[in-house]
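Here's the structure we're looking at; comments come further down.
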Amino acid sequence: MAPDLLGAVLSHTTPEGTVSLRLTEVEAYLGHGDDPGSHAFRGKTPRNAVMFGEPGHVYVYFTYGMHACANLVCSPQARASAVLLRAAEVVEGVDLARLRRSAGRGGTAHEHETRATQVSDRDLARGPARLTVAAGIRLDENGADAFSAPFSLVLPDEPVASVAAGPRTGVSGAGGDGGRYPWRFWIPGERSVSPYKRHPKAGSAN
DNA sequence: GACCGGATCATCT
DNA sequence: GATGATCCGGTCC
């Protein structure tokens with residue numbers, strides 16, 4: 001299940017180099033109609049077809065017109081059919097990850113360098129879209145096998161010592177049925193975990 | 001330090 | 001035509 005992926009190391013190799021990510025925060029999504037927040041809620045579509053496919057594959061989707069996010073497809077028998085990678089720690093290829101995060105946003109090369117030095121290690125892959133960018137995962141890699149080149153997925157030898165769970169954030173339906181279940185998991189104490197603040201309007205049930 | 005709103009386009013109704 | 005599994009920057013304590 002989803003928490004098993006915490007601590008796993010996902011590597012992605014391109015001609016530029018290799019970036020390895022140690023997963024510190026994930027979020028589970030069901031593959032059928034019980035989960036209003038899941039892309040698969042409405043059934044199978046060309047976009048989410050990967051979620052209905054074989055476990056161990058990478059599901060990459062494009063959202064908000066500017067962001068790509070990466071998921072790992074799980075066994076249909078598990079609680080979740082897909083796991084969104086929300087945050088990770090860069091354990092290899094830090095420089096390359098930093099370069100990717102600072103590039104492609106316009107501005108001069110000098111500004112890129114300046115910005116690059118400002119991006120702290122913990123911010124490199126904090127958040128689904130950032131994680132995807134840092135790893136260099138592209139949309140056309142949707143459906144790729146996470147265990148085969150250019151990817152490499154190494155599950156942790158033993159489960160992480162402690163796992164924290166909580167409600168989802170930033171998902172429509174999170175305040176409704178979707179919010180009842182703790183489908184977000186992270187490693188407590190990890191500084192790379194996104195301390196996200198949900199929209200106060202959405203539900204300041206506190 | 002914390003909150004709010006905008007940007008931007010593939011996908012679905 | 002509307003909307004979203006988000007991120008960034010400005011603004012106000």
Side-chain angles (χ1 to χ4, degrees), chain A residues 2 5-6 10 23-52 57-74 79-88 97-98 100-107 111-112 114-116 118-120 122-143 165-186 191-206:
Chain A
L5 283 172
L6 290 175
L10 178 69
L23 306 181
T24 54
E25 183 183 2
V26 298
E27 190 164 303
Y29 288 88
L30 298 184
H32 46 80
D34 293 339
D35 183 359
S38 173
H39 281 175
F41 178 52
R42 296 177 186 280
K44 187 175 178 179
T45 67
R47 174 170 67 161
N48 63 27
V50 175
M51 284 180 73
F52 293 84
H57 283 224
V58 181
Y59 168 43
V60 187
Y61 69 91
F62 195 70
T63 189
Y64 286 90
M66 55 174 83
H67 295 301
C69 300
N71 302 247
L72 290 177
V73 179
C74 295
R79 273 208 308 172
S81 178
V83 174
L84 171 68
L85 311 181
R86 292 196 62 90
R98 204 192 304 275
R100 284 180 176 141
R101 289 276 280 100
S102 60
R105 190 130 42 97
E111 282 174 348
H112 285 166
T114 302
R115 202 194 318 275
Q118 290 173 343
V119 178
S120 61
R122 52 165 286 194
D123 276 346
L124 284 174
R126 183 169 63 159
R130 291 168 166 181
L131 183 152
T132 305
V133 171
I137 299 174
R138 296 192 319 258
L139 275 179
D140 57 13
E141 295 183 290
N142 183 30
R168 297 201 286 226
T169 64
V171 184
S172 61
D177 288 353
R180 286 187 305 188
Y181 304 103
W183 281 333
R184 194 159 65 99
F185 305 94
W186 67 91
R191 278 201 290 268
S192 62
V193 172
S194 49
Y196 267 28
K197 314 146 195 169
R198 53 225 290 218
H199 264 152
K201 288 193 204 167
S204 52
N206 200 17

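In this text, all values refer to a predicted model and were calculated from it rather than measured experimentally. Sequence lines set the chain letters: A, B, ... in the order given, protein chains first and strands last, and positions in each chain run from 1. Scope of the values below: all heavy atoms of this structure, side chains included, with no hydrogens, waters or symmetry mates.
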Under 4.0 Å between a side-chain N/O of A:R101 and OP1 or OP2 of C:dC8, yes or no?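 Answer is yes, contact under 4.0 Å.
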
Return the value, rounded to whole Å, for the distance between atom [atom1] of [X] and atom [atom2] of [N].
X	N	atom1	atom2	value
A:H39	C:dG4	NE2	C1'	7 Å
A:D123	C:dT6	CG	C1'	15 Å
A:L124	C:dC8	CG	P	11 Å
A:Y59	C:dA5	OH	P	10 Å
A:Y61	B:dT8	OH	P	19 Å
A:E25	C:dA5	CD	P	16 Å

Pairing residues for A:H67 by the side-chain contact (heavy atoms from CB on, under 4.5 Å) criterion, not counting sequence neighbours: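 If we apply the side-chain contact (heavy atoms from CB on, under 4.5 Å) test to A:H67, skipping adjacent residues, the hits are A:T63, A:Y64, A:A129.
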
Test of understanding: with side-chain contact (heavy atoms from CB on, under 4.5 Å), list the residues that count as partners of A:A49, not counting sequence neighbours.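 With neighbours one apart ignored, the set is A:K44.
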
Does A:Y64 get its side chain close enough to the base of C:dA5, under 3.5 Å, for a donor-acceptor pair?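 Side chain to base: no pair present.
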
Does A:T132 reach the main-chain N or O of A:I137 with its side chain, forming a donor-acceptor pair under 3.5 Å?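 Checked: no pair found.
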
Atom pair CZ (A:R98) and CG (A:L124), whose distance is rounded to the nearest 0.5 Å: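 So the CZ of A:R98 and the CG of A:L124 are separated by 5.5 Å.
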
Heavy-atom distance under 4.5 Å between the side chains of A:L72 and A:Y59, does that happen here?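 No, side chains not in contact.
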
Can you tell if the side chain of A:E27 reaches within under 4.5 Å of the side chain of A:P128, non-hydrogen atoms only?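 Contact flag for A:E27/A:P128 side chains = no.
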
Taking only residues two or more places apart in sequence or in another chain, which ones pass salt bridge (charged side-chain N to carboxylate O under 4.0 Å, His left out) with A:R47?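 Expected list: none.
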
Residue mapping more 5' on DNA chain B - nearest nucleotide basis, A:H67 or A:L139: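 So the residue in question is A:H67.
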
Given C:dA5, C:dC8, B:dA7, the nucleotide with the shortest approach to the side chain of A:M66: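 That would be B:dA7.
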
Partners meeting ring-ring contact (aromatic ring centres under 6.0 Å, His included) with A:H39 (sequence neighbours left out):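 Listed in chain order: A:Y61.
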
Under-3.5 Å N/O pairs linking protein and nucleotides 11-13 of chain B:
from: B:dC12; atom 1: OP1; to: A:T45; atom 2: OG1; distance (Å): 2.5

What pair of heavy atoms forms the shortest contact from A:S81 to A:L30, and how long is it?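 That would be CB-C, 3.9 Å.
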
For DNA chain C, what string of dots and brackets results from 5' to 3' when Watson-Crick and G-U pairs need both distances under 3.5 Å, crossing pairs get [ ], and pairs with another strand get |? ||||.|||||||.

